[in-house]
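One structure is given below, encoded as structure tokens.
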Protein chains: 2
Amino acid sequence: MIAKSQVKWTEDALTALRAPAGFRLADLDPDATPGYAGDKKDGAVDLASGLTQLAEYQERLYAESHGGDGRDSVLLVLQAMDSAGKGGIVRHVVGGVDPQGIELVAFKAPSPEELEHDFLWRIEQRVPRPGFIGVFDRSHYEDVLIGRVRALAPADEIERRYDAINAFEKRLVEQGTRIVKVMLHISYDEQGERLMERLERPDKHWKYNPGDVDERAQWPAYQEAYQTVFDRTSTPEAPWYVVPANRKWYARLAVQELLLETLEQIDPQWPAADFDVEAEKARLRATMR
Amino acid sequence: MIAKSQVKWTEDALTALRAPAGFRLADLDPDATPGYAGDKKDGAVDLASGLTQLAEYQERLYAESHGGDGRDSVLLVLQAMDSAGKGGIVRHVVGGVDPQGIELVAFKAPSPEELEHDFLWRIEQRVPRPGFIGVFDRSHYEDVLIGRVRALAPADEIERRYDAINAFEKRLVEQGTRIVKVMLHISYDEQGERLMERLERPDKHWKYNPGDVDERAQWPAYQEAYQTVFDRTSTPEAPWYVVPANRKWYARLAVQELLLETLEQIDPQWPAADFDVEAEKARLRATMR
């Protein structure tokens with residue numbers, strides 16, 4: 001276990017942010033900071049110290065399966081309404097880790113080829129290998145979110161998918177992947193302000209799409225679709241964590257803490273040498289001038 | 001163009017480090033710091049300020065092709081003898097950039113399926129998309145390096161590959177990819193010390209492989225194979241840059257500078273909005289409470 005210096009967490013994030021049976025999205029304040037007693041300034045300090053810990057955990061996780069026979073991996077699934085801050089999580093939390101240990105996938109609208117297969121076909125291909133931290137920026141959950149709101153598939157097909165997701169994730173967990181499913185939860189008003197900022201800044205125009213306002217018009221339907229996701233897929237093997245995200249500093253710190261606590265549970269160790277260290281030293285020494 | 005604050009570079013790295021016709025690897029001192037007048041302390045300052053510039057260039061490069069019709073990409077090819085510091089470049093230079101803009105591939109020994117195809121088959125599949133900075137940790141050059149030293153293919157096949165590489169890279173360049181080919185150049189003695197350090201530290205054992213000493217025994221043959229690579233594939237379209245790497249701080253700074261100067265040449269711009277900004281503001285405002 002790597003020493004942790006965070007002092008402002010009053011409760012494990014894995015506990016404070018978990019969506020248990022009966023969880024109601026509508027009851028969670030997007031401005032809240034569950035489990036954390038500090039303010040924005042404390043958060044910056046804890047985020048920086050957390051990066052160092054995360055980097056060491058990642059290296060150990062990688063080492064465990066590359067120099068040893070470890071089979072552990074982590075999969076961070078990020079879902080959110082547009083502008084909720086997925087990109088900031090990737091940049092400021094995932095970006096602090098050695099890129100050699102990260103497998104990041106941004107899932108877009110499926111291609112014609114992908115649409116010919118089951119919705120989990122393209123997902124399966126991108127699950128992290130042992131030793132890696134996989135990050136899904138959007139995921140198979142789009143197929144029961146936009147898929148449901150926009151009726152992109154028949155109702156009975158959407159219905160089928162919840163159990164298919166649970167079976168799929170259960171298999172991943174059995175194979176050694178810890179799945180950390182995160183929904184970043186912002187308010188309707190906050191989204192309006194963030195989209196307006198994109199329109200007001202010429203260097204942000206490229207991030208804006210007129211379709212964003214069309215999606216925003218479906219806000220209640222999306223909240224309902226998320227509620228159904230939590231009701232149906234927040235399983236003991238792979239629970240959902242709902243992170244209030246109106247405060248960007250908190251959302252980043254919370255996702256980092258979820259990853260740290262998950263890695264702490266894995267507690268990866270430097271693997272023992274599978275060769276005779278002294279004999280190798282002698283061989284190497286013989287090559288030195 | 002983004003303002004650059006580096007003051008200790010006395011010459012463009014793209015000029016100082018380029019392997020031109022007649023370049024002799026044996027004549028380049030691995031302890032040298034070509035083009036840079038500062039010391040290790042200056043290097044740390046310049047590396048930190050360079051990270052900020054690189055992050056902005058990367059975002060613009062990405063934006064140019066995701067909000068506009070830009071086709072530019074960058075491909076950093078990293079080659080080196082074992083322990084020369086490729087991993088450190090990825091961690092400390094590439095790692096400072098938003099992971100969403102990076103496509104990193106670590107090429108290992110080819111799989112049986114890959115071996116059934118031409119050696120460039122697996123490479124072609126991993127070239128960066130427009131807007132991305134691709135990083136190859138090892139590359140198609142292994143097929144004329146270990147391929148040559150270990151005679152993994154007949155001599156006439158190895159011979160064929162140099163021209164095939166040049167044609168392949170020319171095509172990439174024509175399609176908008178700037179290729180930055182970097183060889184990290186360490187000395188034989190330095191490699192010995194670095195391998196010994198891996199043997200002396202239990203947390204580094206996983207990075208050591210007894211095969212490393214076998215490869216080290218082929219040092220002169222590898223230096224000769226690299227020389228042939230420079231002679232045959234340092235083309236005007238895609239020249240080689242040879243970075244003295246006994247000083248890790250210099251190697252990292254130099255690779256960062258090569259990337260910065262390459263992006264400066266591209267000079268990516270924020271794309272103009274392809275929608276009516278005022279009309280969208282009005283649409284969005286209508287959704288706000």
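Throughout, a chain's letter reflects where its sequence line sits, starting with A, and its residues are numbered from 1.
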Hey, is CD on B/Gln223 packed in by over 12 heavy atoms from elsewhere, all under 6.0 Å?
-> yes
Most heavy-atom pairs under 4.5 angstrom with chain A, which of B/Pro210, B/Ala217, B/Ala55?
-> B/Pro210
Measure the spacing between CG of A/Leu284 and CZ of B/Arg216 and express it to the nearest 0.5 Å.
-> 6.0 Å
Side chain from CB out, backbone as N, CA, C, O: work out which of these in B/Trp270 comes under 4.5 Å of a heavy atom of chain A, or both, or neither.
-> side chain
Note: vs chain B, highest number of non-hydrogen pairs under 4.5 angstrom among A/Asp137, A/Val94, A/Leu195, A/Asp189 is A/Asp189
Engaged part of B/Asp274 at the chain A interface, taking heavy atoms whose separation is under 4.5 Å | neither
Would you say the side chain of B/Asp214 lies within less than 4.5 Å of the side chain of A/Arg283, judging by non-hydrogen atoms?
-> yes
Just wondering, more than 12 heavy atoms not from B/Gln125 lying within 6.0 Å of its CD?
-> yes
Could you tell me the separation between the OG1 atom of B/Thr287 and the OH atom of A/Tyr188, rounded to the nearest 0.5 Å?
-> 4.0 Å
Within residues 63-70 of chain A, which positions have a heavy-atom distance to chain B below 4.5 Å?
-> A/Ala63, A/His66, A/Gly67
Roughly how far, to the nearest 0.5 Å, is CE of A/Met196 from CD of B/Glu280?
-> 10.0 Å
Check: A/Asp203 and B/Glu59 side chains under 4.5 Å, non-hydrogen atoms = no
Quick one: what part of A/Gln191 sits under 4.5 Å from any heavy atom of chain B, side chain, backbone, both or neither?
-> neither
Crowded around B/Glu224 CD? As in, over 12 foreign heavy atoms under 6.0 Å?
-> no
The interface call for A/Glu200 against chain B, heavy-atom contacts under 4.5 Å, is both
Might you confirm whether atom CZ of A/Arg150 has over 12 heavy atoms from other residues, nucleotides or ligands at distances under 6.0 Å?
-> yes
Tabulate below the donor-acceptor pairs under 3.5 Å that side-chain atoms of residues 96-105 of chain A make, not counting sequence neighbours, or state none.
from: A/Asp98; atom 1: OD1; to: A/Gln100; atom 2: N; distance (Å): 2.9
from: A/Asp98; atom 1: OD1; to: A/Gln100; atom 2: NE2; distance (Å): 3.0
from: A/Asp98; atom 1: OD2; to: A/Gln100; atom 2: NE2; distance (Å): 3.1
from: A/Asp98; atom 1: OD2; to: B/Arg91; atom 2: NE; distance (Å): 3.0
from: A/Asp98; atom 1: OD2; to: B/Arg91; atom 2: NH2; distance (Å): 3.2
from: A/Gln100; atom 1: NE2; to: B/Gly87; atom 2: O; distance (Å): 3.3
from: A/Glu103; atom 1: OE1; to: A/Arg129; atom 2: N; distance (Å): 3.2
from: A/Glu103; atom 1: OE2; to: A/Arg129; atom 2: NE; distance (Å): 2.7
from: A/Glu103; atom 1: OE2; to: A/Arg129; atom 2: NH2; distance (Å): 2.5

